[in-house]
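These notes concern the structure reproduced below.
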There are 2 protein chains.
Amino acid sequence: MTRMKRTALGRFPCSVARTMDLLGDWWTPLVLREVFYGVHRFDEIQRALGIARNTLADRLTRLTAEGLLDRVPYQDKPARHEYVLTEKGRDFFPVLAAMVRWGDKWLTAEEGVPVDLVHSCGQRAHAKTVCSECGELFTADTVRSRMGPGFPAELAGKPEVQARFT
Amino acid sequence: MTRMKRTALGRFPCSVARTMDLLGDWWTPLVLREVFYGVHRFDEIQRALGIARNTLADRLTRLTAEGLLDRVPYQDKPARHEYVLTEKGRDFFPVLAAMVRWGDKWLTAEEGVPVDLVHSCGQRAHAKTVCSECGELFTADTVRSRMGPGFPAELAGKPEVQARFT
DNA sequence: ATACTAGGGTTGTTCTAGTGAACCCAGCTG
DNA sequence: CAGCTGGGTTCACTAGAACAACCCTAGTAT
């Protein structure tokens, strides 16, 4: 994992970089999407995505080690396992949903979106991102950032760092 | 761009894959984050991220070509430009916000989050993902997927593809 | 004249993520 | 016994992503 080094030396820490460190390669989000879709078994995922077997094995191992997936046995006679989402893994759904929303809106040709999402309210729907406190839209121009408690002290003093938090 | 090939031959099309094709490398989301933060100039971004100059040039060119950024001159004497978000680019904010939310929740050590987000309502807040229609939470277990109008016809017939949309 | 700035382009090297193909093993099936 | 399935592992190879270092152009300040 080269990426760990980058964040470690990283000029500027944030959860985007940390998240990309863990899940930011091409396959990982797709593997997660499959599991969200209810595709839980190694060979099913492999066939569905056309991913190389060792690459998939690596992704599943990593996702399990990071606590997004659990490897649970579903039969005993020949030991077989399937991969199910943990709470940490299920909680990643909004990120995928936001990506789907963006892609559906901006990358869709005339024939329409490849996949429709249906919410439990019965409507065809998409993800909408709102403020956790007031419920209004959470957009680039309604959100400001401030240094948080976990901001690295050695960076907090630098003028160019402070400049961006005004 | 190897990735274009993958989606092209892709067993299973979706906006996650399409979005990852465009923006799914390690640096692109970080470059976008900088621009969201108001860091608009080449050298500023380069210093802030510690990214190699040619890599940054490539990302900026790509983001501009894809229509997420505009390259606008801000002075003439020596021609200088800065990169500003288009509507397509600004609309990507929810994806970053969802990533930040997930990272803040699951990857934060005891010292707390590195960056606080403040919404225009005045509260410290985070992104919340809700159904565009009813406003209730948009989560893995409240959302089902169906084939959309843009689903490739040659795949729609296959039994293993249909199996996942039941 | 010199040096410095902003915004790149170019070159050459390294490194690694992904790949296909082969192999392995356990346990059912015929 | 042979072969298939599920779930992997090991190997050798390669395309391309990132990097450092240097060059370039215009203007500007010293």
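Just so we're on the same page: letters track the sequence lines, and every chain starts at 1. Computed from a prediction, not measured in an experiment: that's the story for all the values here.
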Closest nucleotide among C:dG18, C:dG7, D:dG7 to the A:Asp25 side chain: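 Taking heavy atoms from C-beta onward, the closest nucleotide is C:dG18.
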Among C:dA6, D:dT9, D:dG6, which nucleotide has an atom closest to any side-chain atom of A:Ala57?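 Closest of the options to the side chain of A:Ala57: D:dT9.
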Looking at every non-hydrogen atom in both residues, tell me the closest pair between B:Ser145 and B:Phe165 and how far apart they are.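 Minimum heavy-atom contact is O-CD2, 3.3 Å.
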Side-chain donor-acceptor contacts of residues 124-134 of chain A below 3.5 Å, not counting sequence neighbours, with atom names and distances?
| residue | atom | partner | partner atom | Å |
| --- | --- | --- | --- | --- |
| A:His126 | ND1 | A:Arg101 | NE | 3.2 |
| A:Ser132 | OG | B:His126 | N | 3.0 |
| A:Ser132 | OG | B:His126 | O | 3.3 |

For B:Arg144, is there an ion pair with A:Asp116 - N to carboxylate O distance below 4.0 angstrom?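 The answer is no: the pair does not qualify as a salt bridge.
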May I have the distance from [X] (atom [atom1]) to [N] (atom [atom2]), rounded to whole angstrom?
| X | N | atom1 | atom2 | result |
| --- | --- | --- | --- | --- |
| B:Ile51 | D:dA21 | CD1 | P | 17 Å |
| B:His40 | C:dG7 | NE2 | C1' | 17 Å |
| A:Gln46 | D:dG8 | CD | C1' | 11 Å |
| B:Arg47 | C:dG8 | CZ | P | 14 Å |
| A:Ile45 | D:dG8 | CD1 | P | 10 Å |
| A:Leu49 | C:dA17 | CG | P | 19 Å |
| A:Met20 | D:dA17 | CE | C1' | 14 Å |
| A:Asp58 | C:dT19 | CG | P | 11 Å |

Flag for A:Trp27-A:Asp58: side-chain donor and acceptor within less than 3.5 Å: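 The criterion, which ignores hydrogens and geometry beyond distance, is not satisfied for A:Trp27 and A:Asp58.
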Would you check if there is a donor-acceptor pair between the side chains of A:Thr139 and A:Thr142 at a distance under 3.5 Å?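 Distance-only check passes for A:Thr142 and A:Thr139.
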Quick one: on DNA chain C, does B:Glu44 or A:Arg53 contact a more 5' nucleotide (nearest heavy atom)?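 Looking at the nearest nucleotide for each, B:Glu44 comes out on the 5' side.
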Answer yes or no: does a side-chain N or O of [X] lie under 4.0 Å from OP1 or OP2 of [N]?
| X | N | answer |
| --- | --- | --- |
| A:Tyr83 | D:dG8 | yes |
| A:Trp27 | C:dT19 | yes |
| A:Arg59 | C:dG18 | yes |

Hey, can you pull the donor-acceptor pairs under 3.5 Å for the side chains in residues 84-98 of chain A, sequence neighbours left out?
| residue | atom | partner | partner atom | Å |
| --- | --- | --- | --- | --- |
| A:Thr86 | OG1 | A:Gly67 | O | 2.5 |
| A:Thr86 | OG1 | A:Leu68 | O | 3.1 |
| A:Thr86 | OG1 | A:Lys88 | N | 3.3 |
| A:Thr86 | OG1 | A:Gly89 | N | 3.1 |
| A:Lys88 | NZ | A:Glu66 | O | 2.8 |
| A:Arg90 | NH1 | A:Leu85 | O | 3.3 |
| A:Asp91 | OD2 | B:Lys105 | NZ | 3.2 |
| A:Asp91 | OD2 | B:Trp106 | NE1 | 2.7 |

Using modelled atom types only, decide if a donor and an acceptor are shared between the side chain of B:Thr61 and the backbone of B:Ala57 within a distance under 3.5 Å.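 Yes: the side chain of B:Thr61 pairs with the backbone of B:Ala57.
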With DNA chain D as reference, determine whether A:Arg71 or A:Asn54 sits nearer its 5' end, using the nearest nucleotide of each.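 Nearest-nucleotide comparison on DNA chain D picks A:Arg71.
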Are there any protein N/O atoms within less than 3.5 Å of an N/O atom in nucleotides 25-27 of chain D, and if so, which ones and at what distance?
| residue | atom | partner | partner atom | Å |
| --- | --- | --- | --- | --- |
| D:dG27 | OP1 | B:Lys77 | O | 3.3 |

